[in-house]
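All values below come from the heavy atoms of this structure, side chains included, with hydrogens, waters and symmetry mates left out.
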Amino acid sequence: TFLTMMHWSLKRQSSWVQLAGHQGNFHLSEGGEVLKLYSEGEAACLNLLMKDPLRPFVPQYYGLVTRGEHCYIRLEDLLSGLRRPVIMDCKMGVRTYHEEELIKARSKPVLRNDMYQKIIRVDPSALSAEEHAQKGVTKWRYLHWKDTTSSTSTLGFRIEGIMMEDGNIQRDFRNILTLAQVTEILLFFTRNQLNVIGSSLLFIHDHSNKASVWMIDFGKTVPLPDISDREDGYLLGLTSLIASLMLQE
């Protein structure tokens with residue numbers, strides 16, 4: 001995730017290399033740029049956003065670079081110049097998977113033990129007796145469960161994780177469902193410094209009173225001819241975030 005990438009950026013050298021070896025999707029270049037494993041859809045979206053009115057809220061996109069057998073997207077390091085930053089990553093929308101993923105998962109169902117184990121660790125009662133016997137669930141079943149058991153389905157966004165100034169990452173926000181609960185987490189994130197919060201996907205502030213808000217992660221983002229067609233709850237998520245911030249005043 002982007003939060004993990006920022007964790008690598010903060011740690012720099014040896015620490016992030018070990019983390020990067022585990023995931024393999026992100027690297028840092030010698031020039032301080034963040035390299036993200038190439039996605040055709042995300043690269044196309046970033047190209048469009050560089051000429052869009054939303055440009056000030058998107059990390060700078062520097063094009064592509066090849067390293068060995070892999071191609072990477074070159075992105076601005078959003079932590080550059082910040083001192084002991086605190087970061088919150090929010091996943092926007094009322095669902096986090098494409099219809100194409102759903103169709104593929106249903107047409108070629110594959111039981112995944114790793115996803116079964118992820119559900120087990122959070123809520124064993126969410127699984128049926130058949131799923132327990134098979135010790136596996138389909139990807140669609142897992143994605144659907146993840147969205148419907150979080151604030152994604154009710155508020156249009158969910159908190160994916162928070163990184164504190166010491167580099168400690170907290171991800172245990174599965175039971176955060178209501179607006180009041182989200183507000184409590186936002187207060188924890190800001191430490192009651194309400195002037196450092198915005199209303200988008202990635203929130204950053206540090207101890208020198210620098211703050212920023214960024215739209216990030218466009219791997220599943222595509223343009224629509226008319227926003228009334230469907231925007232999968234992004235605007236609902238923004239409205240919920242604004243309502244939560246207003247509760248803090």
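A distance-only check finds a donor-acceptor pair linking the side chain of Asn113 to the backbone of Lys135 [under 3.5 Å]. In this structure a side-chain-to-backbone donor-acceptor pair under 3.5 Å is missing from Gln181 to Ile176. Between the side chain of Ser153 and the main chain of Val94, no donor-acceptor pair closer than 3.5 Å is present. The backbone N or O of Asp114 sits nowhere less than 3.5 Å from a side-chain atom of Gln117 that would complete a donor-acceptor pair. Using modelled atom types, one side-chain atom of Glu131 and one backbone atom of Ser128 make a donor-acceptor pair closer than 3.5 Å.
For the residue pair Ser240 and Leu155, the shortest heavy atom distance occurs at OG-O, 2.6 Å. Across all non-hydrogen atoms, the minimal contact from Cys90 to Ile159 is SG-CG1, 4.3 Å. Heavy-atom minimum distance, Arg141 versus Leu127: NH2-CA, 4.0 Å. Nearest approach of Ala43 to Leu64, heavy atoms of both residues: CB-CD2, 4.5 Å. The two residues Met50 and Tyr61 make their nearest non-hydrogen contact at SD-N, 3.5 Å. The nearest pair of heavy atoms linking Pro56 to Pro53 is CD-O, 3.3 Å.
Between Arg158 and Thr152, the side chains place a donor N or O and an acceptor N or O closer than 3.5 Å (distance only, hydrogens not considered).
For the side chain to side chain donor-acceptor pair (under 3.5 Å) with Tyr116, the qualifying choice from His132, Gln134, Arg121 is His132, the only one to do so.
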**OP:** Run the numbers on Trp145 and Val122 for side-chain contact (heavy atoms from CB on, under 4.5 Å), then give the verdict.
**Re:** CA-CA 11 Å; Trp145 167 82; Val122 176; 3.8 Å; yes
**OP:** Begin with the C-alpha distance, continue with both residues' side-chain angles, and end with the deciding distance and a verdict on side-chain contact (heavy atoms from CB on, under 4.5 Å) for Glu42 and Ile73.
**Re:** CA-CA 9 Å; Glu42 184 160 24; Ile73 292 170; 4.0 Å; yes
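For the atom pair CZ of Arg112 and NZ of Lys118, the computed distance is 7.5 Å after rounding to the nearest 0.5 Å.
Counting heavy-atom neighbours within 6.0 Å of Glu184 CD, excluding the residue itself, gives a total of 12 or less.
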